[in-house]
Amino acid sequence: MIEDKNPQRTPVEQLGEFGLIDHITQNLEIGNESTLTGIGDDAAVIHHNEATVITTDMLVEGVHFDLSYVPLKHLGYKAVIVNLSDVYAMNAVAKQITVSIAISNRFPVEAVQELYEGVKLACKIYGVDLIGGDTTASTSGLIISITALGEQKKEDIAKRSGVQDGDLLVVSGDLGAAYMGLQILEREKAVFKENPQNQPDIEAYTYLIERQLKPEARKDIPELLRKLDVKPTAMIDLSDGLSSEIIHLCKSSEVGMTIYEEKIPLDPTVINACEEFNLDSTTIALSGGEDYELLFTISQNDYEKIKGNPNLTVIGHALPASSGMHLVTRGGEQVEIKALGWNSFNETGE
Ligand code: ADP
Ligand code: MG
């Protein structure tokens, strides 16, 4: 489905491990003051003035991505984004990453280069330095593991455990688009397998596919909150789906929550695609993952400060733990929020 734009195939053995590392890390610039030593020594050296936030995510071919429709550059980009999203979800500022890859001999130097183009682009856009990593062979497929480092004042770090009874639950952006993008890509892959002559018709789904293939991390949200002088009481990023992230917040904070179906922000293209695939858009927002939006709570006193901001939607509020976790449907029914089994809500009407 994706054409080989770069027909040149240099086997990695030709350059060797060191040659490959030199190749992919050439012209790297260090932009952050806190990066004292980057790539090229036994270890990188950083000096954060505030507390350091550190997070790692690993992506495995065949488990987390399918190279038949994910271009390598996009994969590199996304691998960085998913890590930065975790840093922003702590209300911190991302500063550095390390990137480790395991590659089978099916990947020529050019493929690794393409992967790194995506990594470097994300670094540039998000103002993050690539300061190290590791390179090794793999007997099957591609594995990419990234560690991201960020900083923030200790007292401003937003944990999952900080929700207070009565807090408002706020989400950035809109939900469900990345999952619907994946449905489109899977469908087009199946069509292409049947008939390789068939060119995919995906123009109407650009937003959905972009949200799947080129997700962005909400660096702007912690910045916006600082500007508005709003300190989130708790925060988490939406990598899985709204319902499982709500459960994480509630469990960590020992609270309950009620959210309102009519408040869940959906892009019109998500609603259209859901109709086409005969899926319920609320179910998709609750269970579809990879939106990388931020979900956080604020004190009710801060409501006026965020009110009307187009990036933020209040979707519910926190209650005592004994109230449990519920979605109030458009029809006014209360449905328990569960990590799985949302489909049954739609199909059986329970
Ligand atoms: P060592 O043997 O001391 O671990 P390596 O030869 O593995 O050193 O790495 C040399 C330098 O290149 C180090 O600074 C390391 O962090 C960096 N590096 C290695 N692999 C990668 C990679 N895939 N991406 C970015 N930097 C890398
Ligand atoms: Mg090493």
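Each residue takes its place number in the sequence, starting with 1. Counting starts at 1 for both ligands and their atoms, following the listed order.
- The distance from ligand 1 to the heavy atoms of Gly132 drops below 4.0 Å at these ligand atoms: 16 (O), 25 (C), 26 (N), 27 (C).
- When each atom of ligand 1 is checked for a heavy atom of Asp42 under 4.0 Å away, the hits are 3 (O).
- Of all atoms in ligand 1, numbered sequentially from 1 with element shown, those under 4.0 Å from a heavy atom of Tyr116 are 22 (C), 23 (N), 24 (N), 25 (C).
- A salt bridge is absent between Lys153 and Glu50; no separation between the charged side-chain nitrogens and carboxylate oxygens falls under 4.0 Å.
- Closest heavy-atom approach to atom 16 (O) of ligand 1 among the candidates Ser145, Ala102, Gly133: Gly133.
- Using modelled atom types, one side-chain atom of Ser299 and one backbone atom of Asn301 make a donor-acceptor pair closer than 3.5 Å.
- The CZ atom of Phe18 lies 10.0 Å from the OG1 atom of Thr135; values are rounded to the nearest 0.5 Å.
- In the vicinity of Asp41, heavy-atom distances shorter than 4.0 Å reach the ligand 1 atoms 13 (C), 14 (O).
- Within the 3.5 Å criterion, the main-chain N or O of Leu225 finds no donor-acceptor partner in the side chain of Lys231.
- Evaluated for a side chain to side chain contact (heavy atoms under 4.5 Å, CB included) with Ile81, the options Glu290, Glu216, Lys214, Lys219 yield exactly one hit, Glu216.
- Atoms CG and CZ, from Leu142 and Arg106 in turn, are 8.0 Å apart once rounded to the nearest 0.5 Å.
- Tested against Ile298, the residues Thr233, Ile306, Val314 include a single side chain to side chain contact (heavy atoms under 4.5 Å, CB included) partner, Ile306.
- One option in Ile39, Val119, Leu130 has a heavy atom closer to atom 17 (C) of ligand 1 than any other, and that option is Ile39.
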ask   = Does the side-chain hydrogen bond (donor to acceptor under 3.5 Å, both in side chains) test come out yes or no for Asp174 and Tyr207, once each step is laid out?
value = CA-CA 11 Å; Asp174 54 73; Tyr207 177 63; 2.9 Å; yes

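- Applying the 4.0 Å criterion to heavy atoms of Ile101 picks out, from ligand 1, the atoms 23 (N).
- Residue-ligand proximity: Gly40 is placed with a non-hydrogen atom under 4.0 Å from ligand 1.
- Taking distance alone, with nitrogen or oxygen atoms compared against 3.5 Å, Ile21 stays at or beyond that limit from ligand 1.
- Residue-ligand proximity, Phe18 to ligand 1, at heavy-atom distances under 4.0 Å covers atoms 6 (O).
- For ligand 1, the polar-atom distance check against Thr135 finds a nitrogen or oxygen pair separated by under 3.5 Å.
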